[in-house]
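Here's the structure, in structure tokens; my notes come after.
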Amino acid sequence: MPSSSMAKTLVKTFLKSPHSLKTKIQAKQLHAQFLKTQPYSPSSTSILISIYTNFNLLQHSLFLFNSLNSPPFLAWKSIIKCYSSSGLFANSLTCFVKMRSFGVYPDHTMFPFVIKACVFLKNLRLGESIHGCIIRMGLDFDLFAGNALLNMYAKFQSLQLTGGCKVFAFNVFDGMPKRDKLCGRLAQERDKSVVGLDSVAKVLETMPKRDVVSYNTVIAGNAQNGLYEEALRMVREMGNANMKPDSFTLSSVLPIFAEHVDVMKGKEIHGYAIRHFFDSDCYIGSSLIDMYANCARIEDSCRVFNLLSKRDDISWNSIIAACVQNAVFDEGLKLFRRMLTAKVKPRDVTFSSIMPACAYLTTLHLGKQLHGYIIRGGFDDNVFIASSLVDMYAKCGNIKAARWIFDQMEHHDMVSWTAIIMGLALHGHGRDALSLFKQMEKDGVKPNYVSYIAVFTACSHAGLTDEAWHFFNSMSQNHGIKPGLEHYAAMADLLGRAGKLNEAYEFISSMHIAPTGSIWSTLLSACRVHKNLELAEKVAKEIFKVDPENVGAYVLMSNMYAASRRWKEAAKMRIFMKKKGIRKEPACSWIEVKNKVHTFISGDKSHPLYDRIFQALKDLLEQIEREGYIPETNEDFHDVDEEQKKYMLFSHSERLALAFGIISTPAGTTIRITKNIRVCVDCHTAIKLISKVVEREIIVRDNSRFHHFKDGKCSCRDYW
DNA sequence: CTAGGGTTAG
């Protein structure tokens, strides 16, 4: 317990040197002592405020500040600083303006705080007038104020609030005219042409003194504005000026190499960071994670993450996003759970990073849980999150929910439009998708490369050939987007499905980039659907030219030969595959029941309820045969008898999943199944009839689209 | 006074 004599010593020491106070406790003891022994003298109160401010005790500072009728300079300065470092930038600025109205002038140490506040509040006008104030007071050569201004103008540049950069242009080009004149001119010239970020760099040149912070600020400013060459040039210049890049420099530079997918340069930076003991730095860590992830080196991302000694929310977000972007969804979800366990609060970025994992894995229950979390956290008006939700609901088979979320959005950007258009397309609502696309153009939102993939997907699944041609032409003519592989693939697919096989062949042959195996493959499967073996052989040749290991082509050809009873050729295809050691990916379906995902591989009897599933399939078969079902068995097998073939069709993974879904959910429940490859014709027919006899809606997502089965019909109208 | 992470892709 402190005695009163101790307190008195404290006061003595304090008055001699206020900064000797080392702890909050001491500050409070001092405050108590002041209350006892002295009246509220403005100057001692101000000193006390500044001490509380140094400990960032805003409430204590405020309490004292409010007791002052006419606060002296130090009190203003402290309270403004305290507001700023507590993140209360609006209060900080209000205070600053109020201080000026009291006739109190700021000093050079105050400007960095208020300028930072202007940046945070995106208040360009106030920022400019504060800059004017700095000039009028002749403090424009102050290093800290200058750095703060550099940062402010660079940030406003990235926000495209470009008016301010002219200030620097005047500074530079007018060779510093009389200050008052300059300020007057500024107001007049405000709306003249944009000078841009290079003027920020030029100011750097006129600064009498520059430190690492000045360089870092300009480097970051350039990097954030996409001026990568300039940013790197500044790094070299910084070195020439005998200043060493520090952790700030590196974390600004790394995203450049992530963007350029330049892992060698990225590794150089990583090496530099290790040599200079920056590698445990949180900021560099997340840049490194992102850089490696962008270069498809997810293992390296994980290594960096695991070696981090300190992790904040951004480190977690980075590694989660890294996993999801590299299709390591399970790991991403695991890390998300670990993040929650580690008591790190997820943020908006976390959700938009993790949501695609639910979309790809079709884990609707997880997606819904996350949606709940998002609503509770008040993140649901974030465009990134809303778009990812639209996508997730669409991919998980709930197009109505996707549409609802889209309609709830206040503001639609290109990505959210594209997400809903793609969703509708995958669910076979081609016309709705196209009318939304037109709506988007009407709203003045420019489509990009991806939007057109969605458009062609819509045309493809609805068989809208003419519309597709129209969009294919207007894509380059009206929007200057060159067709890429994905567009060609979608167009080829569309022509093929529509049975225009020769048109498709011509189309692919006349592409301005070399067609890939996968583009030819779309035509090959169209040949199978339309039973054109002759063209198929021609197409297969093309495929094997560019991609001799294309599994799908071998399988398809083998099946087509078998279907026309040309067993020898069929066998030849299988022998080729064996020789090359390539294997067909096993067919696999999965279904969510009671928040658990059940996976079925075709022919797999290992499910604990297999006996009941088999029995259910047998019962269903009897029921649908009464509805007129005839198994289509001519395609896949040739050396087994008809009765056996029927049972072999049983083993298709989607049927196992479907039967399991029927026996383990209450009557009437919608069944959602996901499959890794396309549904076969026989299963498609069977599931249509099953939807009728069990009176349920059955939604199957294959690798191509959604099929909504209901009352014996499918939403694809047998066109897929 | 300066730095890092996010949504759409047959």
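Below, chains carry the letters A, B, ... as their sequence lines are ordered, and counting in each starts from 1. Small disclaimer: the values here were computed from a predicted structure and weren't measured.
- Note on A:R347: a base of the nucleic acid sits closer than 4.0 angstrom, heavy atoms only.
- Between A:K116 and the phosphate of B:dT2, there is a side-chain N or O to OP1/OP2 separation shorter than 4.0 Å.
- For B:dC1, the OP1/OP2 oxygens have no side-chain nitrogen or oxygen of A:K155 closer than 4.0 Å.
- Note on A:K395: a side-chain N or O is less than 4.0 Å away from OP1 or OP2 of B:dA9.
- For A:Y292, no side-chain nitrogen or oxygen approaches OP1 or OP2 of B:dG4 to under 4.0 Å.
- Nucleic acid contact for A:V253: none, since no nucleic acid atom lies under 4.0 Å from a heavy atom of the residue.
- Phosphate contact (OP1/OP2 of B:dA3, side-chain N/O of A:N216, threshold under 4.0 Å): absent.
- With sequence neighbours left out, the salt bridge (Lys or Arg N to Asp or Glu O under 4.0 Å) criterion links A:D312 to no other residue.
- Within the 4.0 angstrom heavy-atom criterion, only backbone atoms of the sugar-phosphate kind lie near A:T457; the bases stay farther away.
- Here A:D281 pairs with nothing under the salt bridge (Lys or Arg N to Asp or Glu O under 4.0 Å) rule; sequence neighbours left out.
- Remark: the A:D312 side chain and the B:dG4 base include a donor-acceptor N/O pair separated by less than 3.5 Å.
- The CG atom of A:N294 sits 15 Å away from the P atom of B:dG4 (whole-angstrom rounding).
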